[in-house]
Every structure is written in structure tokens, then in C-alpha cells.
Amino acid sequence: MRLATWNVNSIRSRVDRVEAWLQRSDVDVLALQETKCKDEQFPEDRFRALGYDVAHVGHSQWNGVALLSRVGLSDVQVGFPGMPSWSSKEGVEPAQEARALGATCGGVQVWSLYVPNGRTLTDPHLQYKLEWLEALRVHAGGWLSEDTEAQVALVGDWNIAPQDDDVWDISVFSSSTHVSEPERAAFRGVVEAGFTDVVRPYTPGPGVYTYWDYTQLRFPRREGMRIDFVLGSPALTQRVTGARIDREERKGKGASDHAPVVVDLAD
DNA sequence: ATGGTAGTCAAACTA
């Protein structure tokens, strides 16, 4: 089984590229983040025509996560228990955002995750990010406590660079989110709960990234960040036979600022 | 030159 994750930065502006990529990538399950649309705007017919079942959650032009699967799509869950809420404006009741979607695909519990950005080190959004990751750690860790053989994949845009060589120049990030110790500790918490970065062994650094900012010629300068991850439970990690980051997809007009991350699993 | 790009939705916000 081949599993992939991709922050597409708007599915409506990217649907042609995603479709073309699916047609040549032989992917069984694709998790999407930042679809930036409501459910009724998601172009599910385009993917159904390629043989994929589709699940999506999106409430507005922000966030939005989806799962495409041609190996079954059942037990769809919108959000995870205890997922924190967020309100962008004072006076507006906080609500759960479209940042997590889970389903069973080919016997694997796959979660498409779009971790909150954090924005700046002093922004309340950073606290929201940390609380969101802590809630994920608690519940994903709980699944493993209940079933040590559980096949779970936590995939998506984590908005964290866990190690210094996951960014092109750590000195540029001294006052930035994504590399701060609290964020890295939150990421480590998920790892220590039993989830492993299954891609890194097949894509060793330094200089290997999944995201390049649109500005400042970051991509041609090879100035990126490794912030998109596939974290596997022990039973899933055992099945991994290969992985790659499809850097080619960051090239050309109409590219997302993230590249797809692909993992191969033994049957 | 005090910016630089891209997306959503049409001024400002998010990344």
C-alpha cells in the first residue's frame, strides 16, 4: 500500500495538478491539508472519477483536510476527542476548526492533520498550537495503549521543524515559531507516545525539506523546511519499505508551497 | 525600493 500526504494550499486552485500527480504516482491513500474550501466546494467528483473514495471537512476558506482512498474509507471521524477550539475574534464563540480527519483505509487508521501555525512566539495562536498537539498526544497515545498492534498513521503538515537541520539556516529562526523548544517538545511528546517519523530514514538530510516559502526565491535557493511528516505506530512502522519527498511537485507555475510526502508499506 | 508570493474574497487576513 502506498500512502501520501500533501498540503495543497487550496484544492480548487490545485485540482488539476493533484489529479495529474495521482495519475502517475500509484498512490492508494492521499491525505490533503489546507483545502481552503467548504465541503460543498470540494471537487470530489474529480477524484471519484479516478477511483478514490473521498472524505473532506472544511467550514470556510481556512484550513480544510481530506482523505482520498482507493482501498476503502470507513469509520470517518471529524476531529479527535478533546481537540481544542479556536476563535479568531474576541466575542466570537470558539469552535473546532477543520484540522483533523481520520478514517480506516486498507486496515490503517489514517489521520490527515493540519497543525495550527502558531504565527509568532507571542501570539495566542501559539498556545492554541501547543494545546492542540498535547490533545493529539493524549488521544493518539491512548489508541496505542488500548492496542499495541494498532496500525495508525498520523500524517500531514505539523508546522514544526523538529531538528536544526530541518531548516536551511537555524540562525534565521532565532525568534520564529516552528523551531521553538515548546513546539519541539510537543512534537517529541507525540514521538514518545509511540509514533515514529518513518520518512527520515529514507530521506536523510541535511538540506531535505517538504516546504519552501513562496517569497524570497526560497525554492530555487533550496531554502526550505521539513515540516510535513508521516508518523507511524510501531505496527505500521514495521511495514514501511520506502519513502520519498516529491520535490518535483514544488516546481513550475501553480505549485503548492509544500511537496507531497510518500510512504510505501508492505502488504 | 522599508518590499519580495500565493490564496481567498474583494479589504484584510492567513501562511
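Letters A, B, ... mirror the listed sequences (proteins, then strands); counts begin at 1.
B/dA6 atom P lies 12 Å from atom CZ of A/Arg17, rounded to whole Å. Regarding A/Ile11, its CD1 atom lies at a distance of 15 Å from the C1' atom of B/dT8, rounded to whole Å. One interatomic measurement links the two molecules: CZ of A/Arg12 to C1' of B/dA6, which rounds to 14 Å at whole-angstrom precision. Taking atom CZ of A/Arg218 as the reference point, atom P of B/dA6 lies 14 Å away to the nearest angstrom. For A/Gln61 and B/dA10, the CD to C1' distance is 11 Å, given to the nearest whole Å. When the P atom of B/dA6 is taken as reference, atom OH of A/Tyr214 falls 7 Å away, rounded to whole Å. Distance CD (A/Glu34) to P (B/dT14): 12 Å, rounded to an integer number of Å. For the pair A/Arg221 CZ and B/dT5 P, the computed distance is 12 Å after rounding to whole Å.
Of the N and O atoms on the side chains of A/Lys36 and A/Asn9, at least one donor lies less than 3.5 Å from an acceptor on the other residue. Under 3.5 Å, the side chains of A/Asp157 and A/Tyr211 contain no donor-acceptor pair of N or O atoms. A donor-acceptor contact closer than 3.5 angstrom links the side chains of A/Gln33 and A/Thr5.
Distance CG/A/Asp246 to OG1/A/Thr210: 12.0 Å, rounded to 0.5 Å. Rounding to the nearest 0.5 Å gives a distance of 10.0 Å between CG of A/Leu136 and CE of A/Met83.
Put simply, A/Arg14 has a side-chain N or O that comes within less than 4.0 Å of OP1 or OP2 on B/dG7.
To the nearest whole angstrom, the two P atoms, one in B/dG3 and one in B/dG7, are 22 Å apart. B/dA15 and B/dG4 have their C1' atoms separated by 15 Å, given to the nearest Å.
Shown for residues 113-122 of chain A: residues whose heavy atoms fall under 4.0 angstrom of DNA chain B, namely A/Tyr114, A/Asn117, A/Arg119.
By the 4.0 Å N-to-carboxylate-O rule, A/Arg70 lies close enough to A/Asp28 to be salt-bridged with it.
Here B/dT8 is the nucleotide among B/dA15, B/dT8, B/dA6 with the atom lying nearest to any side-chain atom of A/Ser13.
Between A/Gly254 and A/Asp157, it is A/Gly254 whose nearest contact on DNA chain B lies nearer the 5' terminus. Across the interface with DNA chain B, nearest-nucleotide mapping of A/Ser10 and A/Trp86 shows A/Ser10 to be the residue nearer the 5′ end.
Residue A/Glu223 places its CD atom among more than 12 non-hydrogen atoms of other residues, nucleotides or ligands, all under 6.0 Å distant.
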